[in-house]
Amino acid sequence: KGYDIDVKTSLRNFKIEVKTSWDNINYYTVTTNELKSMKNNEHNYFLIKINKLFNTISDTINPKLTVINNPILLLNNIDNVKTVTLYTAN
């Protein structure tokens with residue numbers, strides 16, 4: 001499927017993927033299905049990154065929330081990529 005939440009309105013159909021981290025981590029793993037969905041839905045695809053999720057559970061302070069529209073564009077800059085795993089055909 002490639003996303004967690006599907007929001008349909010009379011004007012648009014949004015796909016939303018949610019990524020979380022326990023601490024303040026500025027990267028996340030993306031699956032092949034998520035990449036395909038990002039590409040297929042572009043401006044209607046949103047990635048929500050929640051950092052410091054522990055804070056939400058422990059009620060200490062609010063988590064850090066980042067919303068990225070059309071996150072496939074991050075791949076245009078190789079500095080945005082931490083690692084890539086490629087498979088070869090057998």
Side-chain angles (χ1 to χ4, degrees):
K1 178 167 90 166
Y3 53 89
D4 296 320
I5 303 166
D6 190 5
V7 178
K8 296 178 182 178
T9 71
S10 60
L11 299 175
R12 290 171 76 179
N13 184 8
F14 297 99
K15 310 297 185 198
I16 301 171
E17 175 63 23
V18 179
K19 300 290 185 181
T20 62
S21 59
W22 209 241
D23 203 355
N24 194 26
I25 307 297
N26 64 350
Y27 60 87
Y28 46 88
T29 301
V30 178
T31 67
T32 301
N33 284 342
E34 291 164 354
L35 281 172
K36 288 177 183 177
S37 188
M38 284 178 197
K39 180 63 178 159
N40 292 337
N41 294 288
E42 294 183 346
H43 299 291
N44 292 321
Y45 193 100
F46 291 82
L47 188 138
I48 299 175
K49 178 67 167 75
I50 303 171
N51 278 333
K52 298 188 177 186
L53 186 61
F54 177 76
N55 294 340
T56 302
I57 295 168
S58 65
D59 292 328
T60 55
I61 51 178
N62 293 329
K64 181 181 174 191
L65 183 72
T66 304
V67 178
I68 304 167
N69 180 224
N70 200 3
I72 196 78
L73 294 177
L74 293 173
L75 295 178
N76 290 339
N77 181 350
I78 197 68
D79 292 330
N80 291 327
V81 179
K82 182 177 179 189
T83 62
V84 175
T85 302
L86 300 174
Y87 295 91
T88 58
N90 291 339

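- Panel note: side chain Asn80, backbone Leu74; a donor-acceptor pair is recorded below 3.5 Å.
- Counting only heavy atoms from C-beta outward, the side chains of Val7 and Asn13 never approach each other to under 4.5 Å.
- In this structure, Thr32 and Leu35 have side chains that are not in contact, with every pair of non-hydrogen atoms separated by 4.5 Å or more.
- Between Tyr45 and Ser37, some side-chain heavy-atom pair lies under the 4.5 Å cut-off.
- Side-chain atoms of Ser21 do not come within 3.5 Å of backbone N or O of Asn24 as any donor-acceptor pair.
- A salt bridge links Lys15 with Asp6: the distance from a Lys NZ or Arg NE/NH1/NH2 to an Asp or Glu carboxylate oxygen falls below 4.0 Å.
- Every residue was checked against the side-chain contact (heavy atoms from CB on, under 4.5 Å) condition with Asn26, not counting sequence neighbours, and none meets it.
- Of all heavy-atom pairs between Val30 and Met38, the closest is CG1-CE, 3.7 Å.
- Cluster partners of Tyr87: none. The rule joins Ile, Leu, Val, Met, Phe, Trp and Tyr whenever side-chain heavy atoms lie under 4.5 Å apart, and it links nothing here.
- Looking only at side-chain heavy atoms (C-beta outward), Leu47 and Val67 stay at 4.5 Å or farther from each other.
- Taking the six-membered ring for Trp and the full ring otherwise, Phe14 and Phe46 have centroids separated by under 6.0 Å.
- Side-chain contact between Thr20 and Val18 is present, with at least one heavy-atom pair separated by less than 4.5 Å.
- Side-chain atoms of Asn69 come within 3.5 Å of backbone N or O of His43 as a donor-acceptor pair.
- Residues Glu34 and Lys19 are paired through a salt bridge, judged by an N-O separation under 4.0 Å between the basic side chain and the carboxylate.
- Under the 4.5 angstrom side-chain criterion for Ile, Leu, Val, Met, Phe, Trp and Tyr, the cluster partners of Tyr27 are Ile25.
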